[in-house]
Amino acid sequence: MRGPHTAIMKKANLLLLPGLLNDARLWQKQVEDLADLAHATVADLTGSDSIASLASAALAQAPAGRFALAGLSMGGYVALEIMRQAPERVLALALLDTTARPETPQATENRRNLMSLAETDFQAVQDTLLPKLVHPSLLQDASIVQVITAMADGIGKEAFMRQQRAMIGRIDSRPFLSRIQCPTLVLCGRQDQITPVEVHEELAAGISGSSLVIIEECGHLSTLGQPQQISEAMRRWLEAATA
Ligand code: MLT
């Protein structure tokens with residue numbers, strides 16, 4: 001039984017933003033591991049083809065009041081846009097396996113090729129992406145590959161097209177980094193091939209007081225590849241932000 005002086009910690013609200021072709025399963029382990037600290041909501045980022053409208057949609061799905069915000073990859077692009085649209089709502093920010101940089105012409109060309117391929121063979125798109133998403137040691141791990149495949153099948157080709165158009169059109173978030181005032185965690189897998197370590201060093205350098213965590217033996221989808229380490233880093237971030 002609680003005595004009169006027992007502190008009752010109020011849980012923070014936590015809004016989690018998935019990446020390309022990901023759904024709530026991307027964050028499942030973190031939702032479970034952090035349940036004592038936070039009420040988590042995973043936003044659906046499938047409904048529109050601009051980062052600005054995905055951010056508005058995520059804000060509409062967010063709990064009332066202030067929340068901690070974490071985005072992985074495309075979810076990070078959306079998180080950076082939320083920091084422009086509603087910074088007062090965000091009590092702490094975590095940017096995982098993402099970048100503040102805009103699209104390059106080469107990246108746009110690659111996306112357009114994948115979109116053409118998706119018209120006829122969405123499975124081939126998934127097969128092309130998979131080796132870039134996880135650490136090579138996990139490519140034979142059926143449990144992880146099955147989750148990635150099930151998420152992509154569930155999201156489907158039409159939402160994939162919208163997400164690609166949104167990412168092609170995204171703006172350069174680097175000029176806005178210095179405006180971010182809340183406690184910020186920047187995290188990536190050492191072997192992230194899509195958003196490598198150097199772009200996280202740039203993010204961390206641009207956001208005053210942020211901390212940079214690099215997870216060893218870990219690829220792009222860090223929450224799936226090294227779930228425990230990501231949960232631990234997010235626990236430290238949430239505890240510090242809500243202390
Ligand atoms: C993601 O995981 O959200 C995407 O790979 C990001 C991107 O393609 O830029």
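Counting convention: from 1, in listed order, for ligands and their atoms alike.
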Task: Test log, rule side chain to side chain contact (heavy atoms under 4.5 Å, CB included), inputs Leu14 and Thr41 - done: CA-CA 6 Å; Leu14 173 61; Thr41 304; over 6 Å; no
Open item on the list: Under the criterion side chain to side chain donor-acceptor pair (under 3.5 Å), I'd like the reasoning laid out for Ser50 against Ser53: C-alpha separation, chi angles, the key distance, then a yes or no.
Closed with: CA-CA 5 Å; Ser50 81; Ser53 22; 2.5 Å; yes
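For Arg66 (side chain) and Glu88 (main-chain N/O), a donor-acceptor pair under 3.5 Å exists by modelled atom type. In this structure, Arg89 contributes its side chain and Ala64 its backbone to no donor-acceptor pair below 3.5 Å. No donor-acceptor pair closer than 3.5 Å links the side chain of Arg190 to the backbone N or O of Gly219.
In terms of N/O distances under 3.5 Å, ligand 1 is not approached by Asn22. For the pair Met167 and ligand 1, the shortest N or O to N or O distance does not fall below 3.5 Å. The shortest N or O to N or O distance between Met74 and ligand 1 is below 3.5 Å.
Interatomic distance, Leu20 CG to Met74 CE, rounded to the nearest 0.5 Å: 6.5 Å.
With Gln193, Arg111, Arg170 as candidates, the residue nearest to atom 8 (O) of ligand 1 on a non-hydrogen basis is Arg111.
In this model, no donor atom of one side chain and acceptor atom of the other lie less than 3.5 Å apart for Ser116 and Asn113. Side chains of His39 and Asn13: no donor on one and acceptor on the other come within 3.5 Å.
Only side-chain heavy atoms of His220 come within less than 4.0 Å of ligand 1; its backbone N, CA, C and O stay farther off. Of the heavy atoms in Leu20, both backbone and side-chain atoms come closer than 4.0 Å to ligand 1.
Within the listing of ligand 1, atoms 5 (O) sit less than 4.0 angstrom from a heavy atom of Ile194. The Tyr77 neighbourhood of ligand 1 comprises atoms 6 (C), 7 (C), 9 (O), with distances under 4.0 Å to a heavy atom of that residue. Applying the 4.0 Å criterion to heavy atoms of Gly19 picks out, from ligand 1, the atoms 3 (O).
Annotation: atom 4 (C) of ligand 1 to nearest protein heavy atom, Ser73 OG, 3.3 Å.
A heavy-atom separation below 4.0 Å is not found between Glu103 and ligand 1.
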